[in-house]
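Reminder, nothing fancy here: chain letters follow the sequence lines and each chain counts from 1. The structure displayed is predicted, hence computed values, not measured ones.
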There are 2 protein chains.
Amino acid sequence: MGKAERTQAVILDAAEARFAEAGYDTVSMRDVADGAGVPLGLINYHFGSKEKLFEAVIARRADELNTRRREALVQIGKAAPTTIEAVLRAFLRPYLELTRDGGPGWRSYGKLIAQTGQSHRWGNLITNRFGEVAGLFIDALAKAEPRLTREMAARGYVHMVSIMVGIFAANETLDIVSSGKVTSGDVERACDSAIPFLAGAFEGLAASATAPSPAE
Amino acid sequence: MGKAERTQAVILDAAEARFAEAGYDTVSMRDVADGAGVPLGLINYHFGSKEKLFEAVIARRADELNTRRREALVQIGKAAPTTIEAVLRAFLRPYLELTRDGGPGWRSYGKLIAQTGQSHRWGNLITNRFGEVAGLFIDALAKAEPRLTREMAARGYVHMVSIMVGIFAANETLDIVSSGKVTSGDVERACDSAIPFLAGAFEGLAASATAPSPAE
DNA sequence: GTCTATAGGCTGATAGAC
DNA sequence: GTCTATCAGCCTATAGAC
């Protein structure tokens, strides 16, 4: 790794941590420069603008996560028939493993994705980065549970993403609503409980496709 | 309604719409003033600061939503035994009805809540406003499905909120991942499909509490 | 209650020395 | 590649006329 690349990594790490903590708009380029221990001008030299710096922060780990998820999907594709639960694991486990073992930056990244995904402003950035793999997983869900229509699979996928984002953002909502009895920091435990939750959810959704509602 | 209150409502409406669209930090007090058609100084006269203006925007509809949810919970409490599905409806339907019939401001509010809930900065604001009703619903979930531990009920509640927020934020994620075949704008349809999804989810979670996992 | 003018500070970006 | 100095613009908040 050249000197320039190492400098860029330091800047990306600092930007990631600050953006995750305080939000893109609140953090100034000076904050990032101070956090990285580099002069202000160097950031613009390497990344061009604040906006491009942010995009680079998002892109860095998105690529790694997408690769691992693709691999996990290929793995379970070999063993037929594929179950919904296997697809859920292929989606959640790569993220869990990276968050647990991939260094502290992944914790920041989780918080960052949560903010970015809900801001209208970065919508294209997120869907450009994650849209392709999303299509793969919607296909896998529909294949694993034939009762699911395409619409249901897509809706279910979006719900799954909402839950996933909430887990890896690890904000304190859970701690507070549980009066401190459950901690949001234990992402492994959160994933373990999310699997049966989501497996049941897709089962319930599939069942509602075949059984008419009581009102009808 | 006095003149001052009407002016405040106009300011709140403009602030809500702009904040929802572009985010708190991006929107300036000048933007809000222009949107409301009032001079800049008037906003600080009525609300004191930008931060307090934002809190007022959040509080206004939170109080109304909490009241309706409480009422819905009381209603289903009268008919024993309470089902998970009834609790889900008590949680989602008031929000749906307000979003559908309560005027365009509720659409903005949905987007705003999504952003606010994921920003570390406003965490206390959200939990202060919604925490009490959250406790009521966690109790109701645990009562409706005795197999659920308190921890499971709390986790499930948080997941339910994640999904709800995603639905009412109505961002374009769903439209994009479904290649335009499903629209996120139809919140009624989204709620209808979320009910069996979540009912199945709590069923799956409860089942996982009694049945040991295959690995054990 | 409403409106105007302005103070004081921080922002992103860059020109130019090394 | 790295670092410093600086510019022009925008921000929130407020003092004071009406």
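With dG1(D), dT6(D), dT4(D) as the candidates, the nucleotide lying closest to the side chain of Pro39(A) is dT4(D). Ranking dG1(D), dA13(D), dG12(C) by closeness to the Ser49(B) side chain, first place goes to dA13(D). Relative to the side chain of Asn44(B), the nucleotides dA13(D), dG12(C), dT2(C) differ in distance, and dA13(D) lies closest. Closest approach to the Met29(B) side chain among dT2(C), dA13(D), dG12(C) is made by dA13(D) (side chain taken as heavy atoms from C-beta onward). Set against dA13(C), dT2(C), dG1(D), the side chain of Tyr45(B) has dT2(C) as its closest nucleotide.
If you take NE2 of His46(A) and P of dA13(C), they are 16 Å apart, rounded to a whole angstrom. Here the C1' atom of nucleotide dC10(C) and the NZ atom of Lys50(B) are 13 Å apart, to the nearest Å. Taking atom CD of residue Glu5(B) and atom P of nucleotide dT2(C), one finds them 12 Å apart after rounding to whole Å. Asp31(A) has its CG atom 11 Å from the P atom of dC10(C), to the nearest Å. Remark: P of dT2(C) and CD1 of Ile11(B) are 8 Å apart, rounded to the nearest angstrom. For the pair Ile43(B) CD1 and dT14(D) P, the interatomic distance rounds to 14 Å; values are reported in whole Å. At whole-Å resolution of the value, CG in Asp25(A) and P in dT11(C) are 12 Å apart. For the pair Leu42(B) CG and dA17(D) P, the interatomic distance rounds to 18 Å; values are reported in whole Å.
For the pair Lys3(A) and dG1(D), the criterion of a side-chain N or O lying under 4.0 Å from OP1 or OP2 is not met. Considering only side-chain N and O atoms, Ser28(A) lies nowhere under 4.0 angstrom from the phosphate OP1 or OP2 of dC10(C). Dashed line: the shortest gap from a side-chain N or O of Thr7(B) to OP1 or OP2 of dG1(C) is not under 4.0 Å.
Within the 4.0 angstrom heavy-atom criterion, only backbone atoms of the sugar-phosphate kind lie near Val27(B); the bases stay farther away.
Evaluation of the salt bridge (charged side-chain N to carboxylate O under 4.0 Å, His left out) test over residues 20-31 of chain A, restricted to residues two or more places apart or in two chains, returns Asp25(A)-Arg121(A).
A salt bridge links Arg189(B) and Glu151(A); the closest N-O separation between the charged side-chain nitrogens and carboxylate oxygens is under 4.0 Å.
Taking the six-membered ring for Trp and the full ring otherwise, Phe54(B) and Trp122(B) have centroids separated by under 6.0 Å.
Remark: side-chain polar atoms of Asp175(A) are paired, donor with acceptor, to backbone N or O of Ser184(A) under 3.5 angstrom. Without hydrogens or angle criteria, Glu188(A) side chain to Arg100(A) main chain gives no donor-acceptor distance under 3.5 Å.
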